[in-house]
Amino acid sequence: MSQSVFTPHSKASQGSSIPPLKIRSARVIVTSPGRNFVTLKIETDQGVYGIGDATLNGREKSVVAYLEDHVIPVLIGRDARRIEDIWQYLYRGAYWRRGPVTMRAIAAVDVALWDIKAKALGAPLYDLLGGKSREGVMVYGHANGETLEDTLEAVGRYIEAGYKAVRAQSGVPGVDLAYGVGRGDLYYEPADAQLPTETVWSTRKYMNYLPNLFEALRKRYGFDVELLHDGHHRMTPLEAAQLGKRLEPYQLFWLEDATQAENQDAFRLIRSHTTTPLAVGEVFNTIWDAKDLIQEQLIDYIRTSVVAAGGLTHLRRIADFASVWQIKTGCHGATDLSPVTMGAALHFDTWVPNFGIQEYMRHTAETDAVFPHAYSFSDGLMHPGDGPGHGVDLDEALAAKYPYDPRQLPVARLEDGTMWNW
Ligand code: CS2
Ligand code: MG
């Protein structure tokens with residue numbers, strides 16, 4: 001790399017509380033302990049290293065190439081302390097801004113750099129963000145069942161396990177393989193085959209059934225537990241408005257992804273017809289995807305995650321912007337977001353003043369072993385741990401035992417064969 005006065009790492013910084021941390025190497029590690037994960041490890045000349053998650057479910061290799069071919073070469077030699085400058089360099093410098101691949105690659109670098117800086121200072125990451133705003137992070141678990149009775153029982157098991165909030169997804173009579181319904185109870189993994197599984201969808205059958213599920217849930221468990229549901233982009237705005245209205249008596253914590261959100265205007269119609277709280281954003285990559293939704297107060301929770309939206313540097317900007325309109329966070333936390341993202345998210349959640357809730361879908365024992373972590377769950381709350389950094393590591397020797405296993409997400413068609421949103 002050419003040296004010039006404008007190259008950030010060419011000047012020795014003085015008066016800083018930590019000495020320069022020159023990036024010596026960066027490597028991408030792909031492992032599949034039950035599902036695929038892409039991890040970036042950045043090492044500095046001081047021996048301090050950091051790790052970041054770059055997993056893009058079903059499209060993992062695209063981010064691997066982006067990092068290896070285009071990002072790692074420009075990182076070597078830079079000062080790892082300059083998190084903001086490196087973020088701007090990767091975002092502005094790409095010229096081709098935004099998108100799931102670019103923003104995940106930036107996220108992996110960003111989270112690894114925050115990890116490095118926090119470790120160098122000997123502080124938990126939440127302290128660098130501004131310190132603790134709460135004692136624990138409320139999470140919601142995933143209860144699902146093939147029938148209404150199965151789903152009621154699954155929700156009951158989460159309540160017994162101490163969860164204060166539970167997402168309920170159920171098989172729909174007449175619909176084979178509805179979204180969110182796994183084959184086993186504990187772990188739901190949609191990316192299940194090398195070529196996409198074809199599923200068939202009927203919004204009519206779903207909408208006829210869903211209010212019965214929530215009526216039965218409230219009858220059995222009362223109104224103290226928070227209940228959530230994910231529409232997974234399946235409804236039109238008008239259908240979503242109708243469903244939201246019909247769910248009002250059951251006081252959901254939120255109805256997620258009521259409709260597809262490329263057109264932010266679509267939420268105006270939903271909003272004007274229902275007071276069921278709305279959450280959206282797991283597929284968003286930048287503040288621009290949510291700008292109108294936020295400033296027109298068309299949603300209640302922003303679901304964008306550390307890994308999807310360019311890391312902590314950008315996610316906290318989104319959260320601050322949302323706070324102006326009293327919109328809270330509700331970070332995506334499905335199993336395709338690795339324990340590294342979970343750890344970083346829990347530090348973010350511990351700090352962020354306008355925190356709403358955090359999704360927590362347990363990883364398998366194999367995944368937990370590959371990613372030793374400091375976070376823990378008790379009484380419906382999660383804790384990021386108080387050690388230095390984000391508290392999640394990668395056991396590289398163990399990771400090497402689980403080679404990449406190509407899998408894709410399913411697709412959905414309407415009953416007449418028309419392609420629809422999975
Ligand atoms: C989801 C995910 O957790 C959620 O709310 O919608 O299950 C999503 O389908 C996966 O993360 C896709 O990779
Ligand atoms: Mg979702």
Side-chain angles (χ1 to χ4, degrees), residues 32 34-38 53-63 100-101 103-104 107 139-144 158 163 165-170 177-193 196-197 199 201 206 210 226-235 240 243 252-261 277-285 289-290 293 299-309 329-342 345 356-364 367 405-412 420-422:
S32 189
R35 69 158 356 280
N36 294 309
F37 295 109
V38 177
D53 176 25
T55 310
L56 178 55
N57 203 8
R59 297 289 185 273
E60 295 85 4
K61 289 289 188 74
S62 54
V63 195
V101 177
M103 298 311 289
R104 268 177 178 74
V139 294
Y140 69 91
H142 279 215
N144 62 70
Y158 274 90
Y163 282 78
V166 187
R167 180 185 105 155
Q169 302 294 138
S170 171
L177 288 178
Y179 161 77
V181 183
R183 289 169 219 280
D185 180 36
L186 267 183
Y187 306 106
Y188 163 64
E189 203 55 81
D192 60 354
T197 301
T199 63
W201 179 249
Y206 163 74
L210 200 73
E226 302 287 4
L227 294 177
L228 299 83
H229 180 75
D230 190 348
H232 223 248
H233 328 270
R234 304 284 171 96
M235 289 169 280
L243 184 71
L252 267 62
F253 186 90
W254 77 34
L255 172 62
E256 175 187 340
D257 288 339
T259 195
Q260 62 194 73
L278 301 171
V280 77
E282 69 185 34
V283 303
F284 292 176
N285 306 121
D289 296 324
L293 289 171
I299 55 171
D300 302 280
Y301 297 92
I302 180 73
R303 297 254 307 133
T304 316
S305 65
V306 173
V307 64
T329 63
C331 292
H332 186 207
T335 42
D336 46 297
L337 287 78
S338 95
V340 179
T341 286
M342 194 64 206
I357 200 165
Q358 167 71 49
E359 181 178 14
Y360 174 47
M361 226 173 138
R362 284 166 294 199
H363 289 110
T364 60
T367 296
D405 179 17
R407 281 169 192 274
Q408 299 202 46
L409 286 167
V411 294
W420 198 241
N421 308 325
W422 172 72

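Counting starts at 1 for both ligands and their atoms, in listed order. These numbers come from the heavy atoms of this one structure, side chains and all, not from hydrogens, waters or symmetry mates. Note that the coordinates shown come from a computational prediction; the quantities given were computed from them, not determined experimentally.
Under the 3.5 Å distance criterion, with hydrogens and angles disregarded, a donor-acceptor pair is assigned to the side chains of Q408 and R59.
For ligand 1 and R167, the ligand atoms under 4.0 Å from any heavy atom of the residue are 3 (O), 4 (C), 5 (O). Residue H332 approaches ligand 1 through these ligand atoms, each under 4.0 Å from one of its heavy atoms: 1 (C), 2 (C), 3 (O), 4 (C), 11 (O). Of all atoms in ligand 1, numbered sequentially from 1 with element shown, those under 4.0 Å from a heavy atom of W422 are 9 (O). Under a 4.0 Å criterion applied to the non-hydrogen atoms of R303, ligand 1 contributes the atoms 4 (C), 5 (O). Listed by number with element, the atoms of ligand 1 under 4.0 angstrom from any heavy atom of D230 are 1 (C), 4 (C), 5 (O), 6 (O).
Side-chain rings of F37 and H363 approach one another, their centers coming within less than 6.0 Å. Separation of the W201 and Y179 ring centroids does not fall under the 6.0 Å cut-off.
At least one N or O atom of E256 sits closer than 3.5 Å to an N or O atom of ligand 1. Between N57 and ligand 1, at least one N/O pair is under 3.5 Å apart.
Within the 3.5 Å criterion, the main-chain N or O of W422 finds a donor-acceptor partner in the side chain of H232. Between the side chain of D336 and the backbone N or O of N57, no donor-acceptor pair lies under 3.5 Å. Judged by distance alone, with hydrogens and angles left aside, the side-chain atoms of Q169 form a donor-acceptor pair with the main-chain N or O of D230 at under 3.5 Å. A donor-acceptor distance shorter than 3.5 angstrom exists from the side chain of H229 to the backbone of A168, with no hydrogens or angles considered.
Nearest-heavy-atom check against atom 9 (O) of ligand 1 across E282, H232, H142 picks out H232.
E282 contributes atom CD, which lies 5.0 Å from atom CD of E256 (distance to the nearest 0.5 angstrom). Taken from OH in Y158 to NE2 in H142, the straight-line distance is 7.5 Å, to the nearest 0.5 Å. Here L278 contributes atom CG and L293 contributes atom CG; the two are 9.5 Å apart, rounded to the nearest 0.5 Å.
In terms of protein heavy-atom proximity, atom 3 (O) of ligand 1 is closest to E359 OE2, 2.5 Å. Atom 11 (O) of ligand 1 has as its closest protein heavy atom D336 OD1, 2.9 Å. The nearest heavy-atom contact from the protein to atom 1 (C) of ligand 1 is Y179 OH, 3.0 Å.
At a threshold of 2.8 Å, the Mg ion (ligand 2) has a backbone or side-chain N, O or S atom of D230 nearer than that distance.
Using a non-hydrogen distance threshold of 4.0 Å, M361 does not register as a contact of ligand 1.
Counting heavy atoms under 4.0 Å from ligand 1, residue Y360 does not touch it at all.
Vertex the Mg ion (ligand 2); arms to E256 OE2 and E282 OE1; angle rounded to 10 degrees, 90°.
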